[in-house]
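Working notes, beginning with the structure itself.
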2 protein chains.
Amino acid sequence: MVGSLTRAPLLAQEHVLAERKRREKISQSFLSLAALIPGLKKKDKNSVLGDAIEYLKQLQERKARLEEQVAKRTVESVKFVKKTTQFYAQDDQTSSSDENFGTQSKNPFPDIEARVSNKDVLIRIHCETNKGCISNIINEVEKLHLSVLNSNALPFGQATLYITIVAQMEDEFSMTLRDLVKTLREGLLNFM
Amino acid sequence: MVGSLTRAPLLAQEHVLAERKRREKISQSFLSLAALIPGLKKKDKNSVLGDAIEYLKQLQERKARLEEQVAKRTVESVKFVKKTTQFYAQDDQTSSSDENFGTQSKNPFPDIEARVSNKDVLIRIHCETNKGCISNIINEVEKLHLSVLNSNALPFGQATLYITIVAQMEDEFSMTLRDLVKTLREGLLNFM
DNA sequence: TAAGACACGTGAGTC
DNA sequence: TGACTCACGTGTCTT
């Protein structure tokens, strides 16, 4: 307290040194960031941040539109879900009716299917290749009181992944299949 | 050195005020930027910048790939003409009509799905566990002028198997997706 | 206790 | 000459 003491003469200089190092890293990061922004004129700190934000939004928007376009062509899911056997849930995000042959539009990722047999659950996911994608997914699955027995990820096409997981319900598990798919989807959307 | 003059007593306080304002804007920009980065844990300044850089690169990369893909698709769609959008075939075993997704009756196995992306083909099969089942399936696939890149078989439930195969079209390959599924199904039925 | 992050006030440089 | 932006050293708060 008080502050009458500069603590220690040695630490004081170490402090300024550490701070100097920190500032240096930040400055360098600013430089790196600025380099990624096309058509950037003012390289003042706030402009870099502002333009980075704007550019990022723009990229996200464009990416979404492109994905939509690509997905429409490649997937065009005309999946018919009608009462396959008994336990089957299709992630059709909006539509409610069971009879609906979900014409899946918009961004279909992650596309999730789940089936159950006694205490076993099979989960199939079609999503974009993403950094840490798989571990995140496994992590989300385990959050739902499912113990993963086996998982497999197959890259297919440019940037998509087909993931198959077999898990087993723990005692605490008590969800409907539909809720499982829904919850899982919401969880995964945080990483994508 | 010097420092004898604080320039003006009025300006001094205006200076600190302006600087305070500037800092405030930067901080706010940092916050806005952080909000755009998915899966961001540490919101410390340097991490925000670093992750923003990484994320931006990732986005740029994906955007480029998507654009490339879209361009390719539109070109190829000329070659395939109208049926291009039908990149998805569902095995509905007996029914003949294209529009009829018949009520799947009796023994649904093997249940086959296929998708294609350029020269890659993804095949998903749901069938009963059988002796020599997998090698037979792979064999059948290769008969169709498809070179198998990767395959995975997951047992699930009592006696069923989920098989995922990624293959690549050889030069001789020339089938529609629908025919592929149909032919494959007929081939597999000999072993089941 | 020590290591790291932040905001602050301030001197200095730029257009 | 103001009105800016920046880097600096420092006190403080959080792990």
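Keep in mind the model is a prediction, meaning the values are calculated, not measured. Each chain gets a letter, A, B and so on, in the order the sequences are listed, and its residues count up from 1.
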Report the distance from atom [atom1] of [X] to atom [atom2] of [N], rounded to the nearest whole Å.
X       : N      : atom1 : atom2 : value
B:Arg22 : D:dC8  : CZ    : P     : 13 Å
A:Leu17 : C:dA2  : CG    : P     : 17 Å
B:Gln13 : C:dG9  : CD    : P     : 10 Å
B:Asp44 : D:dT15 : CG    : P     : 13 Å
A:Arg23 : C:dC6  : CZ    : P     : 13 Å
B:Leu31 : C:dA7  : CG    : P     : 11 Å
B:Arg20 : D:dT5  : CZ    : P     : 17 Å
B:Lys25 : D:dC6  : NZ    : P     : 12 Å

Within the modelled atom types, does a donor on one side and an acceptor on the other bring the side chain of B:His15 and the base of D:dG2 under 3.5 Å apart?
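For B:His15, whose side chain was compared with the base of D:dG2, there is no donor-acceptor pair (under 3.5 Å).
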Salt-bridge test for A:Arg62 and B:Glu67: reply yes if a basic N is under 4.0 Å from a carboxylate O, no otherwise.
yes
Between B:Glu24 and B:Lys21, is the closest basic N to carboxylate O distance under 4.0 Å?
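So B:Lys21 does not pair with B:Glu24 through a salt bridge.
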If you assign B:Val16 and B:Asn46 each to the DNA chain C nucleotide with the nearest heavy atom, which residue ends up on the more 5' nucleotide?
B:Asn46
On DNA chain C, check which nucleotide each of B:Lys45 and B:Glu19 is closest to and give me the residue with the more 5' one.
B:Lys45
May I ask you to test the B:Ile123-B:Leu180 pair for a side-chain heavy-atom distance under 4.5 Å?
yes
First locate atom CG of B:Leu149, then atom CG of B:Asp120, and finally report the distance between them rounded to the nearest 0.5 Å.
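One finds 6.5 Å between CG of B:Leu149 and CG of B:Asp120.
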OP1 or OP2 of D:dA7 under 4.0 Å from side-chain N/O of A:Ser27:
yes
